Amino acid sequence: MKGMSVIVKTISRILAGFIFLYGSYIILHGHLTPGGGFAGGVIIAASFILLVLSFGAAEIKEKSSYTFSSIFESLGGLMFLILALLGLFAGTFFFTNIISKGAPLKLLSAGIIPLANIAIGMKVGAGLLSIFLALAASHYIMKE
Amino acid sequence: MIPFIGCILLIVIGLYGIITKRNLIKIAIGFCMVEYGVNLLFAFIGFKKDALAPIITSPNSPLNFVDPIPQALVLTAIVIGLGTTAVMLSLIIRIYQKYKTLDINEIRKLKG
Amino acid sequence: MIEIYLLVIAMLAAAIVAIEIKDLLASAVSMGIVGFSVAIMFILVQAPDLAIVQIVVEILTVVFFAATILRTTHTDTTIQKGIQREGIFPVIAFFIFGTLVTVLAIYALKDLPRFGMPIMKVAEHYIVHGLNQTGATNIVAAIILDYRGYDTFGEAVVLFTSVLGVLTILRVKGRK
Amino acid sequence: MSQRLSYWILCLGLWLILTWTFYWGSLVIGIVLSLLATIIFGGYFSYHPIKILQPHRLLWFLIYIPVFGWLCLKANLDVAYRVIHPERPLKPGIVKIKTRLKTDLGRTMLANSITMTPGTMSVDIDDDILYIHWIWMRDTDLEKATKDIAGPFEKYLLKIFE
């Protein structure tokens with residue numbers, strides 16, 4: 001897969017970071033506004049997919065992107081599991097919200113829910129990115 | 001009642017694609033249709049007339065919300081649907097590489 | 001209300017086009033139309049969380065389908081005029097199963113509450129106590145990450161398994 | 001390095017617009033996230049930060065917006081006239097033009113401006129040669145076509161981006 005023309009490249013250069021920031025905003029405000037880990041994670045994956053599509057699969061270092069996305073996916077899953085186990089370590093149940101709730105309607109509130117959102121976002125984004133790389137990037141799959 | 005019947009019709013259209021079509025990608029699209037129909041049916045069951053989305057905007061606002069539980073169930077189902085679709089598509093790519101066709105009758109003949 | 005009916009009609013038309021059209025790329029795009037009308041209906045029934053996820057996931061689904069179609073073939077060669085002898089059995093099977101599903105579904109729909117008047121016994125508890133117990137103002141986030149955390153955990157496991165499946169199916173050669 | 005600084009400023013501005021608050025927690029998270037976005041994506045960005053700080057570029061950009069609107073309106077009326085006219089005076093074709101802009105961002109803006117005015121559409125770009133699909137091919141000559149299509153935009157874009 002070759003890259004596209006200079007116009008597409010220039011625009012996607014500017015937009016990819018903005019899309020990443022928007023996805024992060026959706027994840028971090030998941031407990032206050034619509035959105036959350038699922039939506040934000042997919043948006044972050046979309047920002048990387050935009051770069052891959054516009055610059056072409058030959059441009060990216062495929063091996064290291066696979067390694068990165070697997071590391072992030074495992075990290076997300078591990079973080080979610082640790083957050084769930086925190087309640088068990090504190091002497092209550094699995095998935096207890098033990099961190100203080102904070103003031104409502106503020107960004108830093110709701111205990112473990114924002115952290116769990118971040119974990120879910122990392123997991124979903126990295127997982128979908130590696131699925132996309134496997135489906136669309138060329139070298140990994142076939143040598144026709 | 002009519003929106004529910006619309007969802008059922010979408011599920012039946014997906015079923016039609018799965019059963020009668022012989023192209024593998026059409027079958028995958030049929031599975032997606034069934035998934036959309038089920039998700040939409042869930043969201044419609046939770047709808048309440050003249051109610052708001054389940055998000056508290058200020059501490060003293062009235063709690064007249066639509067049912068949040070179907071939404072929470074469907075939210076995970078949508079992402080899982082994308083994952084299963086991806087597995088289906090990767091299988092389709094492999095089948096095409098091996099048999100050079102997407103027609104299931106041809107594949108059945110070429111098997112072995 | 002009328003906009004939901006119109007969108008349902010548009011969605012069903014796009015679904016039929018997606019199943020029947022010959023060009024597979026056009027078929028994937030028609031499936032995108034179905035997904036986007038589903039997203040708009042999610043907004044109309046006051047489910048913004050679902051609408052955001054549906055829109056983004058729909059884009060990715062179309063991208064995945066396009067990637068697959070670029071890898072394989074563009075045209076559906078199985079479509080031909082008239083019904084062949086081997087094509088008659090699936091049609092009969094569809095008529096049997098389709099009528100069965102429709103009749104049973106409509107029979108089951110009678111037990112559901114009417115459209116627009118849900119029974120909210122459990123949800124009432126979550127709505128009233130959600131802000132105090134979890135601190136999250138988005139009730140849907142409170143449910144998926146606090147009250148029903150197990151559910152989300154199972155979802156994460158399923159997603160992990162599907163990623164594993166895709167990478168295993170598509171890898172070039174096994175490790176020695 | 002300096003390109004990354006300008007990208008960081010842009011990202012932080014976007015975060016402030018999104019959250020619309022100066023609550024300290026949100027501000028700290030915004031700064032960290034903009035840094036993250038800059039580290040990951042900033043390497044692709046090539047626009048010198050000095051150019052953002054020069055006020056006359058911003059002034060020319062503010063002038064460019066109404067000029068572009070006026071040109072767009074004129075092109076709209078022109079295409080509408082061609083559609084309504086009973087003889088349909090159409091002579092479509094693809095012409096080649098040569099731009100004087102050097103930076104990628106300037107060329108992108110020029111191509112997008114040409115595409116957004118009705119009647120002309122940029123099809124492909126190859127270094128400083130643009131291929132334009134034109135609904136009424138007045139000239140096929142390179143110099144004249146450049147003057148006709150790109151001339152009104154290029155004057156301002158040269159001052160903004162070069």
Side-chain angles (χ1 to χ4, degrees), chain B residues 1-4 6 8-13 15-17 19-23 25-26 29-30 32-33 36 40 43-49 51-56 63 65-69 71-72 74-76 78-80 82-87 89-94 96 102-103 105, chain C residues 4 8 12 15-16 18-19 24 27 31 34 38 41-42 45-50 53-54 57 60-61 64 68 71-73 76 78 90-91 93-94 97-98 101-102 105 109 112 115-116 118 120 122-123 126-128 131 137-140 143-144 148 151-152 155 158-159 162 165-166 169-170:
Chain B
M1 192 71 181
I2 292 172
F4 293 156
I8 299 295
L9 281 181
L10 188 59
I11 295 173
V12 171
I13 289 174
L15 208 63
Y16 166 72
I19 294 175
T20 62
K21 288 293 154 186
R22 291 190 287 145
N23 189 300
I25 289 180
K26 287 284 175 66
I29 286 176
C32 285
M33 297 291 168
Y36 293 152
L40 199 59
F44 276 159
I45 287 172
F47 178 59
K48 188 176 167 189
K49 232 172 220 169
L52 298 171
I55 290 153
I56 300 169
L63 299 173
F65 292 147
V66 299
D67 197 347
I69 295 177
Q71 298 188 15
V74 170
L75 194 60
T76 53
I78 292 174
V79 179
I80 291 177
L82 184 54
T84 49
T85 307
V87 176
L89 291 177
S90 59
L91 276 171
I92 288 172
I93 289 179
R94 274 305 185 206
Y96 185 79
L102 287 177
D103 189 345
N105 282 0
Chain C
I4 288 185
V8 166
L12 291 177
I16 292 170
I19 298 287
L24 287 176
S27 173
M31 196 198 60
V34 177
V38 168
M41 274 187 270
F42 281 154
V45 298
Q46 303 288 344
D49 296 85
L50 294 186
V53 178
Q54 175 69 38
V57 164
L60 275 195
T61 313
F64 285 176
T68 311
R71 280 279 157 102
T72 54
T73 173
D76 184 0
T78 60
V91 176
F94 165 69
F97 281 109
V101 167
T102 317
L109 283 182
L112 281 179
F115 182 64
M120 295 165 62
V122 188
Y126 290 157
I127 288 172
V128 174
L131 185 55
T137 54
N138 185 354
I139 308 283
V140 177
I143 291 174
I144 61 169
R148 286 171 185 259
D151 229 2
T152 314
E155 186 274 342
V158 172
L159 192 68
S162 78
V166 170
I169 291 166
L170 288 180

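Computed from a predicted structure; not experimentally measured. Note: hydrogens, waters and symmetry copies are ignored here, and every other heavy atom, side chains too, is used. Each chain gets a letter, A, B and so on, in the order the sequences are listed, and its residues count up from 1.
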Rounded distance [0.5 Å steps], CZ in C:Phe64 versus CG in B:Leu89: 8.5 Å
Full working for side chain to side chain contact (heavy atoms under 4.5 Å, CB included) between B:Ile25 and C:Ser27: CA-CA 9 Å; B:Ile25 289 180; C:Ser27 173; 5.8 Å; no
Structural part of B:Lys21 lying under 4.5 Å from a heavy atom of chain C: side chain
Options C:Val158, C:Val140, C:Thr72, C:Ile143, ranked by heavy-atom pairs under 4.5 Å with chain B, top entry: C:Thr72
B:Phe44 and C:Leu112: CA distance, side-chain angles, deciding distance, side chain to side chain contact (heavy atoms under 4.5 Å, CB included) verdict: CA-CA 11 Å; B:Phe44 276 159; C:Leu112 281 179; over 6 Å; no
Heavy-atom contact with chain C under 4.5 Å, split by part of B:Thr85: side chain
C:Leu12 side chain reached by B:Ile13 side chain, heavy atoms, under 4.5 Å: yes
B:Val12 vs C:Phe97, side chain to side chain contact (heavy atoms under 4.5 Å, CB included): CA-CA, chis, key distance, verdict: CA-CA 9 Å; B:Val12 171; C:Phe97 281 109; over 6 Å; no
Note, C:Ile127 side chain near B:Pro54 side chain (heavy atom, < 4.5 Å): no
Smallest separation among heavy atoms of B:Ile19 and C:Pro90, with atom names: CG2-O, 3.5 Å
Over all atoms of both residues, closest heavy-atom pair of B:Tyr36 and C:Val34: CD1-CG1, 3.8 Å
Inter-residue atom distance B:Ile8.CD1 - C:Thr102.OG1, 0.5 Å rounding: 8.0 Å
Toward chain C, the part of B:Leu102 with a non-hydrogen atom under 4.5 Å: side chain
Atom pair CD1/CZ of C:Ile139 and B:Phe65 - distance to nearest 0.5 Å: 6.0 Å
Residue selection (most heavy-atom pairs with chain B, distance under 4.5 Å) from C:Met31, C:Met41, C:Arg148: C:Met31
Spacing of CG belonging to B:Leu75 relative to CD1 belonging to C:Ile144, to within rounding of 0.5 Å: 4.5 Å
Option in C:Val8, C:Val38, C:Leu24, C:Ile4 with maximal non-hydrogen atom pairs under 4.5 Å from chain B: C:Leu24
Between CD1 on residue B:Ile80 and CG on residue C:Leu159, distance to nearest 0.5 Å: 8.0 Å
Distance (rounded to the nearest 0.5 Å) between C:Thr61 OG1 and B:Leu82 CG: 4.5 Å
